[in-house]
Each structure stands twice: as structure tokens, then as C-alpha cells.
2 protein chains.
Amino acid sequence: MKDEFLKNWDTQMKKGLLPLFVLHIIAEKTCYGYELIERLKEITGFDITESTMYPLLTRLLKEGLLEAKWVEQNTGIPRKYYSLTKDGKSKLSEMKEASRTIFSKII
Amino acid sequence: MKDEFLKNWDTQMKKGLLPLFVLHIIAEKTCYGYELIERLKEITGFDITESTMYPLLTRLLKEGLLEAKWVEQNTGIPRKYYSLTKDGKSKLSEMKEASRTIFSKII
DNA sequence: TTATATACATCGTATTACGATGTACTATTG
DNA sequence: CAATAGTACATCGTAATACGATGTATATAA
């Protein structure tokens with residue numbers, strides 16, 4: 001028996017939190033998409049699929065907050081590694097600051 | 001010169017935060033819609049319009065987290081006052097707890 | 001009279017998470 | 001050897017929701 005309201009609320013929360021967490025994780029260490037899905041799960045508990053992560057990364061790339069480069073593997077499929085641009089770092093700071101401010105109102 | 005990315009991020013953050021803040025404010029004191037818009041602005045800085053607030057209140061009503069009653073005024077238009085149901089109080093607690101947990105990961 | 005504030009409400013649009021689905025390579029296991 | 005699961009990328013259609021625009025009605029101030 002799932003609670004439909006809270007389930008939906010979680011989904012809506014992610015719309016704001018995902019970009020923040022993804023930038024935060026990449027800021028610590030350059031990552032590729034599939035890895036990000038796992039690290040995000042580990043760190044935040046968010047269980048998102050590829051159909052959420054890849055469009056998000058593409059968006060952040062287009063916005064100029066991320067840059068990517070393909071890295072061939074000795075074996076297996078090449079990986080697309082993402083890192084923060086200068087603008088990405090600056091935006092991440094602003095987002096964290098805004099989050100701190102907002103959450104101090106209620107928590 | 002507005003930053004389109006941060007402006008859009010704010011909007012997406014609201015999709016999760018608004019229900020939380022609205023329930024939080026109503027929990028402190030029974031409120032009507034127009035009043036909520038002002039109190040929300042005061043407390044959180046969120047500048048939302050009627051086209052955001054009224055559908056949100058209708059939703060929370062339908063979900064059973066809020067209940068409402070019309071109150072006639074000596075002068076002017078009647079006000080629809082909202083208060084938390086038992087389920088609303090319980091959901092609000094869960095949402096605050098979830099928020100604390102999530103934000104502790106990053107802030 | 002006109003404008004502004006109060007107080008309710010709805011409609012169409014844009015954004016975005018998610019389920020479903022697809023492609024391709026590697027490793028395991030029966 | 002064949003089948004399954006895991007890694008790694010990607011796209012499409014749908015549903016949820018903030019927001020601009022707009023509408024109705026009353027009260028007050030310029």
C-alpha cells in the first residue's frame with residue numbers, strides 16, 4: 001500500500017533537487033552517466049533511471065554548466081565523462097546558497 | 001539581465017516546496033487563499049500568483065490534507081479558510097522529515 | 001470616474017521525471 | 001554454446017504542475 005500523494009511529492013521534489021545533486025556529485029569527481037545513477041542512489045537514496053539522468057545531463061550540457069568528453073575503455077562501451085564548467089561551479093554555489101536560505105525558513 | 005537557468009530551477013524547486021510551505025503555514029494558523037500568497041511571500045520570498053495558489057489548494061483539498069469552510073465578511077467577498085486535517089498534519093511531518101534527511105546530504 | 005487592492009477561479013503552455021523501449025558490448029552460468 | 005544479467009548509451013510518450021493571461025466581483029482611494 002503506497003501513499004500516492006507522498007510518491008508524487010517525491011517526484012516533484014526531484015525536479016528541483018536533481019540538478020543540484022548531480023552538479024554537487026560531479027563537482028567532487030568527474031563522472032559518467034551510468035556511474036552518476038549509482039552514486040546518486042548511494043548518496044541521496046534517489047532511485048532514478050536512465051530516462052531521467054541522460055536527458056538531465058544533456059540539458060546541463062546545453063546550458064553550459066557541464067562539459068563532456070568520450071573516453072574509450074580497454075573493454076566495453078565508451079564512457080561519456082562529465083565535469084563542471086566555470087559557470088557550472090558558480091551556478092552550483094548559487095543553488096546551494098538559495099537552498100540553505102529557503103530551508104532555514106522551515107526546518 | 002535574468003539568468004534563465006536559475007529562474008527555471010526556482011520554478012522546478014517550487015513544485016516540491018510549495019505544498020510543504022503551504023501546509024507549514026496553514027499548520028500555524030488557519031488561512032484563506034489570498035492571505036497565503038502574502039504570507040508565503042513574507043516568509044519564503046516566493047512570489048507566486050493566484051493561478052499557482054488556488055489550484056494547489058484545490059489539490060490539497062482533494063487529497064484530503066486540507067479542509068475548507070467559507071466565511072462571510074461584514075464587507076467584501078467571502079473568504080475560504082483552510083485548515084489541516086489529521087492526515088494533513090501527518091503528511092506534513094513526513095515531508096519535513098524527508099526534507100531534513102535529503103538536505104543533510106548536501107548542505 | 002478611474003485605478004488599485006482584495007478575493008475567488010480557470011485555461012493553455014512549458015518544463016521535467018518516469019515507464020517503456022531500443023542498441024551494443026561483456027561476463028556469467030547452466 | 002546459448003541464455004541471462006550487467007554495463008552504458010539514448011529517445012519517445014505521458015502525467016504533474018508553476019505560470020502568464022484572463023475573468024468575475026466587491027471595496028476603497030485618487
Side-chain angles (χ1 to χ4, degrees), chain A residues 2 4-22 30-41 44-63 65-66 68-82 102, chain B residues 2 4-22 30-41 44-63 65-66 68-82 102:
Chain A
K2 325 105 188 288
E4 212 54 40
F5 173 79
L6 288 178
K7 182 164 165 279
N8 187 42
W9 179 66
D10 277 348
T11 299
Q12 298 307 321
M13 280 296 278
K14 287 182 191 169
K15 296 193 180 185
L17 291 175
L18 275 179
L20 175 55
F21 283 131
V22 165
T30 308
C31 285
Y32 58 96
Y34 195 86
E35 185 189 9
L36 268 166
I37 293 174
E38 293 172 323
R39 291 177 65 74
L40 189 74
K41 169 75 175 167
T44 68
F46 280 167
D47 211 346
I48 67 159
T49 62
E50 291 102 319
S51 55
T52 298
M53 184 59 81
Y54 291 117
L56 171 57
L57 290 170
T58 304
R59 228 154 53 227
L60 294 174
L61 212 58
K62 242 178 231 153
E63 298 279 354
L65 309 200
L66 292 181
K69 66 163 186 276
W70 283 100
V71 177
E72 301 289 333
Q73 303 300 301
N74 295 338
T75 171
I77 299 167
R79 292 169 176 171
K80 203 183 207 170
Y81 276 89
Y82 295 88
I102 281 297
Chain B
K2 325 101 187 288
E4 212 54 40
F5 173 79
L6 288 179
K7 182 164 166 277
N8 187 41
W9 179 67
D10 276 348
T11 298
Q12 299 307 322
M13 282 293 279
K14 286 180 192 169
K15 296 192 180 185
L17 292 175
L18 275 179
L20 174 56
F21 283 131
V22 164
T30 309
C31 285
Y32 57 96
Y34 195 87
E35 184 188 11
L36 268 165
I37 294 173
E38 293 173 323
R39 290 177 65 74
L40 190 73
K41 169 75 175 168
T44 68
F46 280 168
D47 210 347
I48 66 160
T49 62
E50 291 102 320
S51 55
T52 298
M53 183 59 81
Y54 292 117
L56 171 57
L57 290 170
T58 303
R59 229 154 53 227
L60 295 174
L61 212 57
K62 244 177 229 152
E63 299 280 353
L65 309 200
L66 292 181
K69 67 161 187 274
W70 284 99
V71 178
E72 301 289 332
Q73 302 301 300
N74 294 339
T75 170
I77 299 165
R79 294 168 176 171
K80 203 184 209 170
Y81 276 88
Y82 294 88
I102 280 297

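Worth saying up front: this structure is predicted, and the values here are computed from it rather than measured. Heavy-atom basis, side chains included; hydrogens, waters and symmetry copies ignored. Below, chain A is the first sequence line, B the second, and so on; all start at residue 1.
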What are the 5'-most and 3'-most nucleotides of DNA chain C lying under 4.0 Å from any heavy atom of chain A?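 The contact span of chain A on DNA chain C goes from C/dT16 to C/dT26.
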Please enumerate all residues that pass side chain to side chain contact (heavy atoms under 4.5 Å, CB included) together with A/Arg39, with sequence neighbours excluded. A/Ile25, A/Glu28, A/Lys29, A/Cys31, A/Glu35
Measure from the side-chain N and O atoms of B/Glu72 to the backbone N and O of B/Trp70, and report whether any donor-acceptor pair falls under 3.5 Å.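 Such a contact is absent between B/Glu72 side chain and B/Trp70 backbone.
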Describe the nucleic acid contact of B/Trp9 in one word from base, sugar-phosphate, nothing, applying a heavy-atom distance below 4.0 Å.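 Counting heavy atoms under 4.0 Å across all strands, no contact is made by B/Trp9.
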[X] and [Y]: which non-hydrogen atoms are nearest, and at how many Å?
| X | Y | value |
| --- | --- | --- |
| B/Pro19 | A/Trp9 | CG-CD1, 4.2 Å |
| A/Met53 | A/Gly33 | CG-O, 4.0 Å |
| A/Tyr32 | A/Tyr82 | CA-CD1, 4.5 Å |

Starting from [atom2] on [N], measure out to [atom1] on [X] and report it in whole angstrom.
| X | N | atom1 | atom2 | value |
| --- | --- | --- | --- | --- |
| A/Lys7 | D/dA15 | NZ | P | 13 Å |
| A/Glu72 | D/dA8 | CD | C1' | 13 Å |
| A/Leu40 | D/dA8 | CG | C1' | 17 Å |
| B/Trp70 | D/dA25 | CH2 | P | 14 Å |
| A/Lys69 | D/dC9 | NZ | P | 14 Å |
| B/Gln12 | D/dA18 | CD | P | 9 Å |
| A/Arg79 | D/dG6 | CZ | C1' | 12 Å |
| B/Lys15 | D/dC19 | NZ | C1' | 9 Å |

Taking the side chain as every heavy atom from C-beta outward, state whether A/Leu36 and A/Leu57 have any atom pair closer than 4.5 Å. yes
Assuming nearest nucleotide by heavy-atom distance, tell me which of A/Lys14 and A/Gly76 is located more 5' along DNA chain C. A/Lys14
Which is it for A/Tyr34 and A/Tyr54 under the side chain to side chain contact (heavy atoms under 4.5 Å, CB included) test, yes or no, and what are the steps along the way? CA-CA 9 Å; A/Tyr34 195 86; A/Tyr54 291 117; 4.0 Å; yes
Kindly state which residues belonging to residues 49-61 of chain A come within less than 4.0 angstrom of DNA chain D, counting heavy atoms of the residue only, listed by number.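 Going residue by residue through residues 49-61 of chain A, the ones with a heavy atom under 4.0 Å of DNA chain D turn out to be A/Glu50, A/Ser51, A/Tyr54, A/Pro55.
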Show, in sequence, the C-alpha distance, side-chain angles and deciding distance for B/Lys7 and B/Glu4, and conclude whether the salt bridge (charged side-chain N to carboxylate O under 4.0 Å, His left out) test is met. CA-CA 5 Å; B/Lys7 182 164 166 277; B/Glu4 212 54 40; 3.8 Å; yes
Run B/Leu17 and A/Met13 through side chain to side chain contact (heavy atoms under 4.5 Å, CB included) and show every step you take. CA-CA 7 Å; B/Leu17 292 175; A/Met13 280 296 278; 4.2 Å; yes
Please tell me which of the listed nucleotides, D/dA16, D/dT7, D/dC19, lies nearest to the side chain of A/Glu38?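 So the side chain of A/Glu38 is nearest to D/dT7.
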